[in-house]
Amino acid sequence: MRGVVAAGHPLTAQAGADVGGAGGNAVDAALAAMLTSFVAEPLLTGFGAGGYMLVAAPGQDDVLLDFFVAAPSDGERAPLVPVDVSFGDAVQVFNIGAASCGAFGVPAGVHAAHERYATIPLAELTAPAAALARAGVEVNAQQGYLFEILSPITEHTAESRALFMPEGRPHALGEVHRDPALADALELFAAEGPAPFYEGEVAAAVVDWVTERGGTLTRADLAAYEAIPR
């Protein structure tokens, strides 16, 4: 068996390759890589993000597993906060803030993909990513560039500044990015599945934080979320 893992960071790709080389199937490898990307490529994705997984399994219909972020409930909300991000030859406006927050899909999506297709226990797929989040990842040139250009976003809250700008500036090349809270979240996910993130203590904490700052995400929004095979 041979395969290819394409990713945005060498550690992300290596995580997928390791699982594939240990006998996992393509979905096992993709999940291991995805989980690792949350710490290796933290400004491009995360456990509180959303996405899609296209699976072409032998002898089965192709499935697009949809776990994209869902819009929150309607209601009076704080204004979105526009920030300019410069890509050198172009400037793009991103709208951020609590009012931009919807129901995240990644915990549900990872769990659904694992139940449908995976062969390696979820705890085994999750453990290396959790350990990496606790130990830290050295910032390479590509991620250092992202830390720099996306600093107008990461400096917006005290929490994101503490995580992504602990020295009062964006992480630079060669420095180490650690995320022990992500490690805790991944370990909780491995032990209890997605329930804490949609109906438990994590869901409650997320909703409280968002609504206190003018967002409209509700406990019902998270409780109703599910990944959809299409």
Side-chain angles (χ1 to χ4, degrees), residues 9 11-12 15-16 18-19 24 27-53 65-70 72 98 101-137 154 157-160 162-164 166 176-213 215 217-228:
H9 192 285
L11 290 175
T12 306
D18 288 345
V19 166
V27 172
D28 290 315
L31 292 177
M34 185 196 308
L35 293 163
T36 299
S37 73
F38 301 157
V39 63
E41 307 169 51
L43 297 186
L44 297 180
T45 186
F47 203 42
Y52 303 95
M53 177 179 282
L65 189 60
D66 179 351
F67 51 98
F68 200 69
V69 177
C101 295
F104 43 80
V106 164
V110 171
H111 187 259
H114 186 267
E115 283 198 321
R116 290 174 69 96
Y117 301 110
T119 63
I120 293 179
L122 184 60
E124 292 184 25
L125 294 177
T126 306
L132 193 63
R134 209 175 297 284
V137 173
T154 58
T157 68
E159 292 87 350
S160 61
L163 179 60
F164 298 116
V176 176
H177 170 67
R178 295 182 177 87
D179 193 343
L182 172 62
D184 292 342
L186 291 173
E187 289 166 354
L188 177 64
F189 178 68
E192 301 184 26
F197 302 91
Y198 292 99
E199 299 180 285
E201 66 271 25
V202 178
V206 168
V207 168
D208 288 348
W209 193 95
V210 170
T211 55
E212 287 168 5
R213 291 158 179 79
L217 181 68
T218 67
R219 286 172 169 78
D221 292 331
L222 290 178
Y225 188 90
E226 59 181 8
I228 303 171

Quiz item: Could you state the interatomic distance from CG (Leu188) to OG1 (Thr126), rounded to the nearest 0.5 Å?
Solution: 11.0 Å
Quiz prompt | Atom of Gly136, atom of Arg178 and distance for their closest heavy-atom approach | solution = CA-CG, 3.5 Å
Quiz item: What heavy-atom pair brings Pro180 and Arg134 nearest, and what distance separates the two atoms?
Solution: O-NH1, 4.0 Å
Quiz prompt | Distance (rounded to the nearest 0.5 Å) between Leu132 CG and His177 NE2 | solution = 9.5 Å
Quiz item: Applying ring pair (Phe, Tyr, Trp, His ring centres under 6.0 Å), which residue pairs with at least one partner in residues 107-132 are found, sequence neighbours left out?
Solution: none
Quiz item: For the rings on Phe189 and Phe47, is their centre-to-centre separation under 6.0 Å?
Solution: yes
Quiz item: Atom CG of Leu186 and atom CZ of Phe38: how far apart are they, to the nearest 0.5 Å?
Solution: 7.0 Å
Self-check item: Any Val19 side-chain heavy atom under 4.5 Å of Glu124 side chain
Solution: no
Quiz item: Between Ala118 and Asp28, which heavy-atom pair has the shortest distance, and what is it?
Solution: CB-OD1, 3.0 Å
Exercise. Would you indicate whether the side-chain heavy atoms of Val27 and Arg116 approach each other to under 4.5 Å?
Key: no
Quiz item: So does Glu226 have more than 12 non-hydrogen atoms from other groups sitting under 6.0 Å from CD?
Solution: no
Quiz item: Pick one: which of Tyr198, Phe197, Tyr225 meets ring pair (Phe, Tyr, Trp, His ring centres under 6.0 Å) with Phe104?
Solution: Tyr198
Quiz item: Between Gly24 and Ile120, which heavy-atom pair has the shortest distance, and what is it?
Solution: CA-CD1, 3.7 Å
Exercise. Please examine the side chains of Leu31 and Met53, heavy atoms only from C-beta on, and report whether any two atoms are closer than 4.5 Å.
Key: yes
Quiz item: Is there a donor-acceptor contact under 3.5 Å from the side chain of Asp184 to the main chain of Ala181?
Solution: no
Quiz item: If you take all heavy atoms of Leu65 and Ala112, which pair is closest and at what distance?
Solution: CD2-CB, 4.0 Å
Practice problem: Heavy atoms only: give me the nearest Val106-Gly46 pair and the separation to one decimal. | Solution: CG2-O, 3.6 Å
